[in-house]
Each structure stands twice: as structure tokens, then as C-alpha cells.
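The next block holds one structure in the form of C-alpha cells; read it before the comments.
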Amino acid sequence: TAKQRGKAGFVRYVDGLGEPVLAHMQLGGELRRALDNDELQVVYQPILRLEDQRVTGVEALVRWQHPTRGAIRPAEFIPAAEQTGLIVPLGRFVLREACRQAAAWSAEFGPDALPEAGVNVSARQLHDPDFVADVAAALADSGLPCERLVLEVTESAVLRGQQVSRTLFELDRMGIRLALDDFGTGESSLSLLRAFPATIVKLDKSFVDGIEIDDGQPAAADARRAVARAVIQLAHALGLATVAEGVESPEQAAVLRELGYTLGQGYHLAQPMTAEDVSRLLARQRLDDRVAAPAMGLVE
Ligand code: C2E
Ligand code: MG
Ligand code: MG
Ligand code: MG
């Protein structure tokens with residue numbers, strides 16, 4: 001019976017709703033509870049300078065520690081959060097948490113230790129009339145300077161018309177930096193780069209995959225590197241910074257450096273980690289700097 005099938009019975013009453021939508025609605029209910037019960041956590045993946053592995057920033061990534069299902073990856077619940085509108089409070093939580101944490105790192109390790117904190121923003125959030133005010137409040141409450149915040153948006157989110165465009169320009173005017181995330185996977189990438197106030201381009205992982213393969217056929221290797229090369233040339237021409245995503249091996253990092261990429265993010269460089277682990281990383285970096293400083297003094 002419908003009762004035995006539990007919420008699956010709902011399908012019969014809502015014409016045209018497929019399984020994914022149903023799953024989203026169930027997940028949506030749980031997500032609402034998760035928000036109230038502190039089941040959501042923010043982890044941080046360092047962004048490193050390829051040249052010397054120095055941490056130049058972090059990207060905040062949300063995690064859901066479900067009481068019975070265990071850790072649920074964002075790919076599984078962000079779409080549900082977007083459909084139900086819960087992405088707005090969820091996104092606000094991540095934003096506030098990331099700003100607070102970045103300001104704390106800045107206070108502990110100095111303002112130069114961690115220049116940037118990236119936060120992912122969904123299209124739905126950019127449509128929210130309160131979004132700009134939420135961002136302003138997160139910055140004011142945390143004390144994080146606006147130029148330390150990077151909002152990561154995808155090309156498809158940016159393409160959603162007038163309101164989104166106005167919001168992005170307003171954020172830009174406030175001094176907040178914008179990054180085009182997963183760059184190259186969306187549509188009309190090239191015109192977007194000129195039309196929108198992005199200052200950073202994040203090369204999608206799919207263009208880093210296989211970039212290191214050397215099968216003795218230069219033409220084939222060139223073809224695998226073509227998009228990464230084109231993106232960095234375009235970025236340089238337009239005065240944009242770049243970050244290569246999904247760097248999984250030292251060989252990939254080496255090829256990216258050859259192509260002109262200075263910043264990278266990926267499992268080879270650093271995994272997403274807790275705020276405490278980032279603090280340890282920054283503490284070690286500070287120690288390295290102190291050891292290096294007197295040595296440099298001797299050279300003088
Ligand atoms: P993204 O913004 O492109 O974030 C990078 C994703 O790639 C992260 O997955 C990260 O863990 C993963 N990654 C990093 N390095 C590597 C690597 O070397 N190899 C592989 N295979 N993966 C790597 P994650 O945390 O599962 O997040 C997936 C996506 O979910 C994000 O993609 C972003 O679009 C979305 N997301 C995550 N957190 C939030 C959030 O707070 N708000 C919104 N709106 N979206 C979020
Ligand atoms: Mg991102
Ligand atoms: Mg990305
Ligand atoms: Mg991605």
C-alpha cells in the first residue's frame with residue numbers, strides 16, 4: 001500500500017514528478033533539519049602556489065554529516081537544496097562560517113598568510129534579493145576585508161539574466177572578487193569573460209585530466225593541453241588570475257607550470273581539510289618563513 005511505501009506514495013498525487021524530484025523533496029526535509037541541528041560543516045581546500053607550494057587561499061566546501069547515512073557529498077544534496085530553496089540559508093551559513101574563519105586566520109597568522117577565502121554561490125542565491133545584504137553582513141560581522149572574499153560562480157549561473165548581472169556588478173563595486181568556477185564546461189565562456197566582472201578563472205578539472213600524458217606523440221599531447229593553454233592565454237590577455245582545479249599529480253602540476261599557471265588546487269597539492277588542519281598548515285608555513293628569514297639576512 002501507499003502507506004507501507006511511505007513517502008513514495010506521494011508520487012501518485014503529484015503528476016509528472018520523477019524520482020529525482022521526489023528524492024529531492026525527501027532530502028529537502030532532512031536538509032532543513034540538518035541546518036537546525038548543526039549537521040553541516042565547512043571544510044577548506046587550500047589553493048597553493050605551484051612554484052613553492054605556498055598556501056595563497058582556501059575554498060570553503062560544505063559537508064553534511066548525516067546521523068544515519070554518514071557523510072553525504074555536496075553533489076548529492078546541493079541540487080536538492082537548490083530545488084527547495086534551502087540553498088539560500090545553507091549558502092548563508094557557509095558564507096558566514098568561511099568569513100569568520102578567514103578573519104580568525106588573518107588575526108592569528110597575519111593578514112598576508114591567507115589572502116583569499118573562496119565560497120561557492122549557486123544561481124538561486126544570486127537571484128535572492130537579500131544576497132548582497134547577506135554578503136555585506138557576513139563581512140561586517142566577521143571583520144574580513146572585502147577583497148579577501150572570493151565568490152565562486154559558474155558560467156551557467158552567470159548566464160541567468162539581468163538580476164544576476166546586477167548583483168554581480170554590485171558585489172564587484174563592493175570590492176568583492178568573483179571567480180568563474182569550472183571554467184570551460186559551460187556555454188559562451190569567451191564572451192562571459194569580457195562581459196562580467198570576474199577577476200579569477202578556475203580551469204575545470206576536466207582540462208587538467210590527462211594533461212601530463214606523454215605517449216611520444218607531440219600532436220596528441222598538444223591537443224590534450226589545448227584548452228588549458230587557450231584559457232591561460234585568454235586570462236593573461238584580459239588581466240585575470242587563474243587557478244587550475246583537480247591537480248592530482250606532480251606531473252600535472254609541472255605541465256601546468258610550463259603552460260603558465262601559477263596557482264593550483266587538487267588532491268596532489270592539498271585535500272579538503274578541517275579548519276584546524278588549515279591552522280596547522282599555516283603555523284608550519286610561518287615556521288618555515290622564520291627559519292628562512294635569517295638565512296636570507298646572511299646573504300645581504
Ligand atoms: P567546486 O566548486 O568545483 O569544488 C571543487 C570540488 O572538487 C570539491 O568537491 C573538491 O573536493 C573536489 N576536488 C578538489 N581537488 C580534487 C582532485 O584533485 N580530484 C578530484 N577528483 N576532485 C577534487 P566537493 O567538495 O565534493 O564539491 C563539489 C561541488 O559542490 C563543488 O564544486 C561546488 O560546485 C559544490 N559545492 C560545494 N560546497 C558548496 C557550497 O557551500 N555552496 C554551493 N552552492 N555549492 C557548493
Ligand atoms: Mg568552487
Ligand atoms: Mg570548481
Ligand atoms: Mg568543479
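Counting starts at 1 for both ligands and their atoms, following the listed order.
- For ligand 1 and Arg73, the ligand atoms under 4.0 Å from any heavy atom of the residue are 9 (O), 24 (P), 26 (O).
- Applying the ring pair (Phe, Tyr, Trp, His ring centres under 6.0 Å) test to pairs two or more places apart or on separate chains, none has a residue in residues 260-290.
- For Asp182, every heavy-atom contact with ligand 1 shorter than 4.0 Å involves the side chain, none the backbone.
- The side chain of Asp181, and not its backbone, has at least one atom closer than 4.0 Å to an atom of ligand 1 (non-hydrogen atoms only; side chain from C-beta on).
- Of the heavy atoms in His268, none comes closer than 4.0 Å to ligand 1.
- Residue-ligand proximity, Glu248 to ligand 1, at heavy-atom distances under 4.0 Å covers atoms 17 (C), 18 (O), 19 (N), 20 (C), 21 (N).
- The only option from Leu256, Val227, Leu203 that meets the side chain to side chain contact (heavy atoms under 4.5 Å, CB included) definition with Ile211 turns out to be Leu256.
- Across Phe77, Phe93, Tyr267, Phe183, heavy-atom proximity to atom 16 (C) of ligand 1 is greatest for Tyr267.
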Hey, mind stepping through Met174 and Leu149 against side chain to side chain contact (heavy atoms under 4.5 Å, CB included) and telling me if it holds?
-> CA-CA 11 Å; Met174 289 162 66; Leu149 179 63; over 6 Å; no
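- The ligand atoms of ligand 1 that sit less than 4.0 angstrom from a heavy atom of Arg63 are 11 (O), 24 (P), 25 (O).
- Under the salt bridge (Lys or Arg N to Asp or Glu O under 4.0 Å) test applied with Asp141, the options Arg96, Arg92, Arg100 reduce to a single match, Arg96.
- Residue contacts with ligand 1 include Gly246, since one of its heavy atoms falls under 4.0 Å from the ligand.
- Sparse packing is recorded around CG of Asp38, with 12 or fewer heavy atoms of other residues, nucleotides or ligands lying under 6.0 Å away.
- The ligand atoms of ligand 1 that sit less than 4.0 angstrom from a heavy atom of Ile78 are 43 (C), 45 (N), 46 (C).
- Within ligand 1, the atoms closer than 4.0 Å to a non-hydrogen atom of Val94 are 41 (O), numbered from 1 in the order shown.
- At least one N/O-N/O distance between Asn120 and ligand 1 falls below 3.5 Å.
- Coordination check, Glu152 versus the Mg ion (ligand 3): failed, since every N/O/S atom of the residue sits at 2.8 Å or beyond.
- To the nearest 0.5 angstrom, Trp64 atom CH2 is 4.5 Å from Leu27 atom CG.
- Counting just the N/O/S atoms of Glu59, the one with the shortest distance to the Mg ion (ligand 2) is named OE2.
- Between atom CD of residue Gln65 and atom CD of residue Gln41 there is a gap of 7.0 Å, rounded to the nearest 0.5 Å.
- With rounding to the nearest 0.5 Å, the separation of CG in Leu144 from CD in Gln101 is 11.0 Å.
- Within the 4.0 Å heavy-atom shell around ligand 1 one finds Glu59.
- Of all the N, O or S atoms in Asp181, the one closest to the Mg ion (ligand 3) is OD1.
- A 6.0 Å sphere centred on CZ of Arg284 holds no more than 12 heavy atoms belonging to other residues, nucleotides or ligands.
- For Ser122, a nitrogen or oxygen atom sits less than 3.5 Å from a nitrogen or oxygen atom of ligand 1, counting backbone and side chain alike.
- For Gln265, no heavy-atom contact with ligand 1 is shorter than 4.0 Å.
- Contact annotation: Gln271 has no heavy atom less than 4.0 Å from any atom of ligand 1.
- The Mg ion (ligand 3) has Asp182 among its coordinating residues (N/O/S atom, backbone or side chain, under 2.8 Å).
- For atom 31 (C) of ligand 1, the nearest non-hydrogen atom from the set Leu90, Thr154, Leu40, Leu61 belongs to Leu61.
- Those atoms of ligand 1 with a heavy atom of Ile87 less than 4.0 angstrom away are 44 (N).
- Within the structure, ring pair (Phe, Tyr, Trp, His ring centres under 6.0 Å) contacts touching residues 86-143 (residues at least two apart or in different chains) are Tyr44-Trp105.
- Residue Leu180 is tested with Leu240, Thr199, Asp204, Val153 for a side chain to side chain contact (heavy atoms under 4.5 Å, CB included); the sole match is Val153.
- By the 4.0 Å N-to-carboxylate-O rule, Arg286 lies too far from Asp289 to be salt-bridged with it.
- Interface atoms of ligand 1 facing Pro272, defined by a heavy-atom separation under 4.0 Å, are 11 (O).
- Other residues, nucleotides and ligands contribute over 12 non-hydrogen atoms within 6.0 Å of the CZ atom of Arg63.
- Going from atom CD of Glu245 over to atom CG of Asp209 covers 11.0 Å, rounded to the nearest 0.5 Å.
- Taking 2.8 Å as the threshold, Glu245 does not count as a candidate ligand of the Mg ion (ligand 2), since none of its N, O or S atoms lies below it.
- Less than 4.0 angstrom separates some heavy atom of Glu245 from each of these atoms of ligand 1: 3 (O).
- Panel note: side chain Arg148, backbone Pro111; a donor-acceptor pair is recorded below 3.5 Å.
- Residue Val62 has at least one N or O atom closer than 3.5 Å to an N or O atom of ligand 1.
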